[in-house]
A.B. asks: 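Quick one: this structure, given as structure tokens, is what I'll be asking you about.
Remember, it's a predicted structure, so these values are computed and weren't measured experimentally.
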Amino acid sequence: MERSIEVGGDNRGVAMTGDRATAVNVGHVDVVGDVRLPPRPQVPTRPVQLPPRPPRLLGRDEMVAELRARLAGGRSQPCVVAVHGLGGVGKTSLALEYAHRHLRDYQLVWQLPAADPAVLSAAFARLAALLGLRDTVDAADPVDQVHAALAARTEPWLLIFDNAPEADALRPFLPPAGPGHVLITSRSGSWPREQGLELPVLEPEPAVALVLSRSGQDDAAAASAVVAELGALPLALEQAAAFMAETGLALGEYLDLLHDQRAGLLAQGQAWGYEERITTTWQLAFRNLAGTSRQAIALLRVLACYSHEAIPYHLLLSPLEGRTARELFAKDVQRQRAYGRLPGSRVRLLREFRPWMSAVAVLQELPRDPLAINTAVGALRGHSLIGQPVEGTVPVHRLVQAVTLDQLAPHEQQRWRDAAAVLLESVLPDDPTRVAAWPRYALLLPHILAALTPISPGMDKTAQYLGASGDYRTARSLFREICEALTAKLGAEHPSTLTARHELARWTGELGDAVAARRQYAELLPIRMGQLGAEHPITLTIRHELARWTGELGDAVAARRQYAELLPVSERVQGPEHPNTLTIRHELARWTGELGDAAAARDMYADLVPIRERVQGPDHPDTLAARANLAQWTGQAGDPAAARDQYAALLPIRERVQGPEHPSALINRHELARWTGELGEAEAARDQYAALLVVRERVSGPEHPDTLTIRHELARWTGELGDAAAARDQYAALLPLRERVQGRDHPDTLMARANLAQWTGQAGDPVAARDHYAALLPIRERVLGPQHPATLITRHELARWTGELGDAVSARDQYAELLIRREHASGADHPDTLTTRHNLAYWTGQAGDAVAARDQCAALLRVRERVLGPEHPDTLITWHNLAYWTGQAGDGVAAREQYTGLLAVRERVLGPEHPDTLTIRHELARWIGELGDPVAAREAYAALLPLRERVSGPEHPDTLTARANLAYWTGQAGDPVAARDQYAALLPIRERVLGPGHPATRTTRGQLAYWRERA
């Protein structure tokens, strides 16, 4: 490396450069031959030996500041900081940048090569001579001389020991005293904690900037890909940029070359300020370890086969403690056989066993006991070939992994990869669907994806874990890879391939692609029937899944029919009380309910529960699931109180049997909160969901689909409590999480979009609500199909907000079209069909045809009474609307009588203070007044107002409407003064709550003026 001396201050002497250069600052007599020169006068100097300052050092300002803070804030003198880290991470560049940046803070700055003790001692001799401490024939130790001079100085100084091997080797050379700073660069991580400062790789942003600036290119996306591929290691980035600058290679071309010819490419390009390249920077460490710690080299090689992220090395090596390498191999063969991964041909079997047998030999090279493992880790850490171990895990830079493997021949690399796979398979839990196994799978996931092949049993188990834990997207992706690999190796109709295809279909459906799931099961069914027969349990399972996804696609009629056809077959083949048969009965009941016959579903579950209890026991999960479904359909059949009570009774059983944080127990809490809300207890529902969310986030994680569902419901009940803006904002925050976790087209994501649209409208922005629904409709039609229930709901809401914007005719026409689709999809008596009829009647009236609206409501009321019962909430709503449109059609007497009859039912069913009951009282008071009895109307509103204030709050819109109507009928009853005063008190409240330009506020202002004139 080129050396130089910089002389600063007021020096008027001579400065010489070069490795043998000397600057003198004391009187001295030189002898040349026989000639004695006169003494030279003292010349003040400022000795500096540093290489040139690095080009703009990107991304290291914080580390330079940290260095300054550590050196300047040291409690002892001299203060020592050792910058250590992976070779090529930029330790020397950091030290040089610090020295150049703070050059004027020191009176002496000197860099010393510290890799070799002899070279370092010679460098001390040159420094001693420069300082005038040493003659050419002086026998004194130059290190001691320099130490003494530095101790005697009063001005600050800086010594940089570059590339020191380790702390023990450098200790004799460190100055013991003096007002100075010592900066050490080293690959060794074995430094005292108070001295060590580990230098990490660059952050992504400065790493990309480095590649772009050094290469002279501007493709940031390609530069980011290069940074990721090279692990943001400065030497590798500098080297790559230099190579591209020299050859004119574009970033994208370099990236392709890196993928295809990594080993050769890493040997190209000369990085500024570095003598080595990536391929040689760790060679010395490898050679040292090969001579001193063979187990460390073996450990590094096996770690190189995993992901570069934190590797749980203690866990992965643990199987070696109690079993021999041959025993591990035999266990791996058993796994391969159990998963049907072994070929039938003996020749192929032997051919595949040969490389595995060679892996046995490399397993024997690894450290086996904790002491040997820790020794090997310490050796690797001493050369900074691995990161800092933390709780049995250690990161390894991806280029260290690459170079470690690239040193081996291809067949040797494969031996180590096979050994790494055997170790990894050995520590995977057998049942990936158990919640207790999930933390280990999560810990090992990046290494599974890096080290295992698609046909390994561990990859199959990992895909099952991902699906069971809620990551349907990755589960489907892995099973797709597994299917392709097994098809290539064993054939498309091998039993193992077909099992993988079954799982692929399952997770395709769970991800929301019911169309593909049904198609895949339909393709599997004839193959399994041909191999196993029409009545084999596997065949029946596929028929079960085919029926399920048929229903999920919205064809509940076909789903129910298929289950009805499957049930007698299962009863005959497996027995009427076999668990699989009971599961089919369970699903038949479900789709009966989904078709709108909630009462029949309830009754079927009521019959199923005692059988489940007798056959499987009262505490069996399937029994508890049947009880849960009984509760669900009890609620759907119009008895939310019974549903709530059943879930409340079931919850402690589930918590006792399955644990309070089991997914089923949490679902039970979810449903309990739901039916609590459906009973009108919105505040209790919201609070239950808020408490449940905390548990869900802890148990399942903040982005698990079930956690997101709780957030969904919490937002819903926040809105139901009257805070539409907060509900809108919660759905706006939820939507991007749904999109990232489950995908933009997943049904739950689309539901979040739908609810965002709903509460956007409720918050006062009907234009945005309509536009949200208009954008959502074609997506739901594409993803779910035009007849899917969710698609039809979107049509429903689009029509609604079209109407809310004032276009009642368009809303009426959209509901008329929707009614045809509803009747076709679900039948004339399905609740959703009846809801559409309800809305068609409403917008028919809003479009100006009150008589047609009245007649439609009258016809609908009879159907709802028959289907839902005379006191079902929806029946009562239809009764309410019939009364309303009867009045609007001009028959006030009939309207008043209908409201009078409805009020008695509302009070009995919902209670005298339920909001819906109060609405009926409001309408009844209105028609009493409209029919000519303003005094009675005034008294009715006077009685209603305190109820509104207590139930909804004094400033709720309904309360303010009651106050306005009280004022109106007070005036109509002949008391204009009281009417004036009541409007005067109401106006400032409406201005504050609704705004001065709101229609209701303007009406209040006009009424106040009117009654002032008459008072």
A.B. asks: Report the C-alpha separation of D619 and R656 in whole Å, then their side-chain angles, then the decisive distance to 0.1 Å, and conclude whether the salt bridge (Lys or Arg N to Asp or Glu O under 4.0 Å) test is met.
C.D. replies: CA-CA 9 Å; D619 291 345; R656 171 177 56 80; 3.3 Å; yes
A.B. asks: Any donor and acceptor pair, going by atom type alone, linking the side chain of T749 with main-chain N or O of R738 inside 3.5 Å?
C.D. replies: yes
A.B. asks: Restricting to non-hydrogen atoms, name the atom on S426 and the atom on P319 that form the minimum distance, rounded to 0.1 Å.
C.D. replies: CB-CG, 3.8 Å
A.B. asks: Hey, is the main chain of G701 close enough, under 3.5 Å, to the side chain of T707 for a donor-acceptor pair?
C.D. replies: yes
A.B. asks: Is there side-chain contact between D706 and L666, with at least one heavy-atom pair below 4.5 Å?
C.D. replies: no
A.B. asks: Any side-chain to backbone donor/acceptor pair from W438 onto P432? Under 3.5 Å, distance only.
C.D. replies: yes
A.B. asks: Which atom names give the shortest non-hydrogen contact between L399 and L230, and what distance separates them?
C.D. replies: CD1-O, 3.3 Å
A.B. asks: Answer yes or no: does atom CZ of R294 have more than 12 heavy-atom neighbours from other residues, nucleotides or ligands under 6.0 Å?
C.D. replies: no
A.B. asks: Can you list everything that forms a salt bridge (charged side-chain N to carboxylate O under 4.0 Å, His left out) with E493? Sequence neighbours excluded, please.
C.D. replies: none
A.B. asks: What side chain to side chain donor-acceptor pair (under 3.5 Å) pairs are there with at least one residue in residues 388-400, not counting sequence neighbours?
C.D. replies: H308-R398, R381-Q388
A.B. asks: Is the side chain of R476 donor-acceptor paired with the backbone N or O of L504 at a distance under 3.5 Å, no angle test?
C.D. replies: no
A.B. asks: A side-chain contact here means heavy atoms from C-beta on lying under 4.5 Å apart; do V390 and V394 qualify?
C.D. replies: no
A.B. asks: Going by heavy atoms in the side chains, are V302 and Y313 under 4.5 Å from each other?
C.D. replies: no
A.B. asks: Please report the C-alpha distance between L423 and L320 in whole Å, then the side-chain angles of each, then the deciding distance to 0.1 Å, and finally whether the side chain to side chain contact (heavy atoms under 4.5 Å, CB included) criterion is met.
C.D. replies: CA-CA 8 Å; L423 290 175; L320 293 171; 4.0 Å; yes
A.B. asks: Considering non-hydrogen atoms only, spot the tightest contact between P454 and I482 and give its length.
C.D. replies: O-CG1, 3.1 Å
A.B. asks: Parallel, tilted or perpendicular, judged at 30° and 60°: which one describes the rings of Y472 and W507?
C.D. replies: parallel
A.B. asks: Salt bridge (charged side-chain N to carboxylate O under 4.0 Å, His left out) with E503: which residues, sequence neighbours excluded?
C.D. replies: R506
A.B. asks: Show me the pairs that pass salt bridge (Lys or Arg N to Asp or Glu O under 4.0 Å) and involve residues 436-449, at least two apart or across chains.
C.D. replies: none
A.B. asks: Is there a donor-acceptor pair closer than 3.5 Å between any side-chain N or O of T623 and the backbone N or O of G617?
C.D. replies: yes
A.B. asks: D369: which residues meet the salt bridge (charged side-chain N to carboxylate O under 4.0 Å, His left out) condition with it, sequence neighbours left out?
C.D. replies: none
A.B. asks: Tell me, please, which residues at least two apart from E703 pass salt bridge (charged side-chain N to carboxylate O under 4.0 Å, His left out).
C.D. replies: R740
A.B. asks: Which one of Q413, E412, H411 satisfies the side chain to side chain donor-acceptor pair (under 3.5 Å) criterion with R415?
C.D. replies: E412
A.B. asks: Quick one: are I527 and Q531 in side-chain contact, heavy atoms under 4.5 Å?
C.D. replies: yes
A.B. asks: Heavy atoms, side chains only, cut-off 4.5 Å: are H314 and I373 in contact?
C.D. replies: yes
A.B. asks: Under 6.0 Å from the CZ atom of R698, do we count more than 12 heavy atoms belonging to anything else shown?
C.D. replies: yes
A.B. asks: Evaluate whether atom CD of E205 has more than 12 neighbouring non-hydrogen atoms of other residues, nucleotides or ligands under 6.0 angstrom away.
C.D. replies: no
A.B. asks: For residues I653 and N668, determine if any side-chain heavy atom of one lies less than 4.5 Å from a side-chain heavy atom of the other.
C.D. replies: no
A.B. asks: Answer whether the closest heavy-atom distance between the side chains of I386 and I311 falls below 4.5 Å.
C.D. replies: no
A.B. asks: Examine distances only and state if a side-chain atom of S318 and a backbone atom of L315 form a donor-acceptor pair shorter than 3.5 Å.
C.D. replies: yes
A.B. asks: Tell me if a side-chain donor or acceptor on E425 pairs with a main-chain N or O of G458 at a distance below 3.5 Å.
C.D. replies: yes
A.B. asks: Check for a donor-acceptor pair, side chain of Q401 on one end and backbone N or O of L303 on the other, with a separation under 3.5 Å.
C.D. replies: yes
A.B. asks: Looking only at heavy atoms, which two atoms of F479 and A463 are closest? And how far apart?
C.D. replies: CE1-CB, 3.3 Å
A.B. asks: With distance as the sole test, does Y441 use its side chain to make a donor-acceptor pair with the main-chain N or O of P429 at under 3.5 Å?
C.D. replies: yes
A.B. asks: Does P439 reach the side chain of L443, with side-chain heavy atoms less than 4.5 Å apart?
C.D. replies: no
A.B. asks: Using a 3.5 Å distance criterion without hydrogens, assess whether the side chain of T404 forms a donor-acceptor pair with backbone atoms of R301.
C.D. replies: no
